[in-house]
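What follows is a set of notes on a single structure, which appears directly below.
Chain letters run A, B, ... following the sequence lines, proteins first, then strands; residues in each count from 1.
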Protein chains: 2
Amino acid sequence: MAKLGIKDIAAISGVSPATVSRTLRNPDIVSEETRKKVMKAVEEGGYTPSRFGANLRTQKSGNIIVVMPDITNQVNAGIIRAIEREAQKAGYSILLGDTQGLAEREKHYANMAQSGQADGVLLFTFHMPFNLTKNLPAAKQLPPIVNSCESIPIEGISKVMIDNTAGARTAVEHLLSLGHKRIAAVMGPRDTPSTLERLKGYYSALKEAGIEVDEQLVIRGDYGVDSGMGAMEQLLKLRRRPTAVFCFSDDMAIGAMSVLQENGFHIPQDISIMGFDDIRYARLMTPALTTIHQPLEEIGKACIELLLEQLDGKTDKPRYVELPFSLVVRQSTGPAPVD
Amino acid sequence: MAKLGIKDIAAISGVSPATVSRTLRNPDIVSEETRKKVMKAVEEGGYTPSRFGANLRTQKSGNIIVVMPDITNQVNAGIIRAIEREAQKAGYSILLGDTQGLAEREKHYANMAQSGQADGVLLFTFHMPFNLTKNLPAAKQLPPIVNSCESIPIEGISKVMIDNTAGARTAVEHLLSLGHKRIAAVMGPRDTPSTLERLKGYYSALKEAGIEVDEQLVIRGDYGVDSGMGAMEQLLKLRRRPTAVFCFSDDMAIGAMSVLQENGFHIPQDISIMGFDDIRYARLMTPALTTIHQPLEEIGKACIELLLEQLDGKTDKPRYVELPFSLVVRQSTGPAPVD
DNA sequence: CTGAAAGCGCTTACAG
DNA sequence: CTGAAAGCGCTTACAG
């Protein structure tokens, strides 16, 4: 028995294919009697409408592509889970675009909107993978897009962000309030907007406290665990060590902590460690990691919300949503040691 | 300027749509001269073929749906990253199906194959979301499927697994070799195949060592961090505490460790902790977590490999691939305390 | 409320 | 090597 199509169901129930389609998509505009006949045939035949025909006809795929640098990252994984759930509710499926940091793959995924594989794009990378012509506004040339986490420096696209600068400032102020004066910073990749923003917060908090920045205390990382370990090793070699280290991600903070503990240092008695993100494992470290909490669920929700606005044609206007971070004080930070 | 279609490109380059299609899909069967003409029009026009037409015609979506209970789990995230990369190489995209533990969503995702949204299904859940008729072999009624991680008790579908029983046995033998006699087990959800298999390994290792199982030491968890914390709290209340705890997941082990340390216990001097999975954070705990390593990359690769075999129509025969685990001894396990 | 008809944009078997 | 034609399976504007 071959797979049933809409024509088969129409024949079985004695109506036209159009009516079968209406019964399935828009039951209210069909008489009850017809509806019953059709549904009976649908159920007995086990008919599932093919998306191929519908997609071609409506020019919609029902898919949203999420372009992310690395899905194994706890922050990204948390966001994408929320995205998937919310998209699901709205009848959309999520296509996974893990770029693994490659610009070429970024471009590949972005183009899925052009071929109709996806109706909208969620961009968590910091490049703009689309070519823009100067004389047209972005909204006219682009598929529905929402940009999140790493702010792409382009006008006219919707964004969901946290205030990274304020977050970093809050982190450093927390350390200052504990009496720390030599506060190191372990950055993310130099060219990411989030790193530049957080760095700005770091500098501004120190400046406001009247502390001159020692550039030896500013170390480049890449948000990953290993770079946090490397940065800590570097800091431990300094003649004048920091009394606190602010890592721009929890992963780096966790790496830094493990290096410290391996070398017999006590956290926070000898050195305080501060993270950023509040991933699932932050509270489980010993000592539990003080960090800046990012609202992953809300970020995911907002992304879908803004994208749906565009998909539903409700608006062309880009919207900017800023979500609140929060300081979570745990045990990895404490008063500066007296020397 | 409206979006260009294949007919437009055909008109511009002075050939038929068929030839444009051939040039793009199968350049070798087109003369060089024609190819150049067509490619010129394609590039100048910025033409990207629509998948809608192609999908309908070929009855293929080019998508694979991955059905998983929770993508924020490090094990699942690691596997799906490999899956996505390998699928990409073969020209397939990955649709995310996060069931969040709900059977109804599982069914929903599985049905995406039926509607043509996906050409194949990767099942990491332990239910069989498809209805099978007795008189037909599974391969005849099902879309291409590969089952991994949780073994679905059904004949005739391809699987990618590790030997959970042997893995658990290895874990317990490691603890036995350190002189432990009171070894607790913190299980996963009771109805998952992986838990039952690991439990079997736990029992068999103890039996072989001539140790009678104390059922008070066998605690139910759900693979999550919190259940590991709860289990440890329960174990600490026992009059005769275990000297070692084997958690069926790293997440539970990490939860257990944090409870122990909060209560002033020393790991492994007072109690040894053993995990399962070897997630990214296992080596970063203090002390670093001893665990059973799962080859996530290889699991992902094998899943796509077996699925492609079916998608390419190379075979109907289900294949079973077993991948090797390995014991990773770190600092969270040590000699049993002498009392 | 329902049907007939057109058409979405491709690919491919067939004929030359 | 290339073209004309059919058709994949739906949806929807139009007419009644």
May I have the distance from [X] (atom [atom1]) to [N] (atom [atom2]), rounded to whole angstrom?
X       : N      : atom1 : atom2 : answer
A:Ile6  : D:dG9  : CD1   : P     : 11 Å
A:Tyr47 : D:dC10 : OH    : C1'   : 7 Å
B:Asp8  : C:dC10 : CG    : C1'   : 13 Å
A:Arg35 : C:dT2  : CZ    : P     : 10 Å
A:Lys37 : C:dC1  : NZ    : P     : 14 Å
A:Lys7  : C:dA6  : NZ    : C1'   : 13 Å
B:Asn26 : D:dT2  : CG    : C1'   : 14 Å
B:Asn55 : C:dC8  : CG    : C1'   : 13 Å

Here the gap from B:Ile64 atom CD1 to B:Ile94 atom CD1, rounded to the nearest 0.5 Å, amounts to 4.5 Å
If you count the non-hydrogen atoms of other residues, nucleotides and ligands that lie under 6.0 Å from NZ in A:Lys37, is the total more than 12? yes
Position toward the 5' end of DNA chain D (nearest nucleotide), B:Leu56 or B:Pro17: B:Pro17
Is a donor from one side chain sitting under 3.5 angstrom from an acceptor on the other, for [X] and [Y]?
X        : Y        : result
B:Lys159 : B:Ser151 : yes
A:Asp119 : A:Ser61  : yes
B:Ser93  : A:Tyr109 : no

A:Arg22 near the nucleic acid: base, sugar-phosphate alone, or nothing, with a heavy-atom cut-off under 4.0 Å? base
At 4.0 Å (heavy atoms only), tell me whether B:Ala54 reaches a base, stays on the sugar-phosphate, or touches nothing. sugar-phosphate
Distance test, side-chain N/O of [X] to OP1/OP2 of [N], below 4.0 Å:
X       : N      : value
B:Ser50 : C:dG9  : no
A:Thr19 : C:dG3  : yes
A:Ser21 : D:dT11 : yes
B:Ser31 : D:dT2  : yes

So which one's nearest nucleotide on DNA chain C is more toward 5', A:Thr58 or B:Leu24? A:Thr58
Rounding to the closest angstrom, what is the interatomic distance between D:dG16 and D:dT12 at atom C1'? 16 Å
Testing C:dG7, D:dA5, D:dC8 for proximity to the side chain of A:Arg57, the answer is C:dG7
Considering only C:dT2, D:dT11, C:dG9, which nucleotide approaches the side chain of A:Arg25 most closely? D:dT11
In the strands shown, is C:dA4 matched to any nucleotide by a Watson-Crick or G-U wobble pair with both distances under 3.5 Å, and which? none
Across every strand shown, the nucleotide meeting Watson-Crick or G-U wobble geometry with C:dA13 (both distances under 3.5 Å) is none
Any chance you could lay out the salt bridge (charged side-chain N to carboxylate O under 4.0 Å, His left out) test for A:Glu86 and A:Lys89, step after step, and finish with the verdict? CA-CA 5 Å; A:Glu86 297 301 311; A:Lys89 279 188 204 162; 3.1 Å; yes
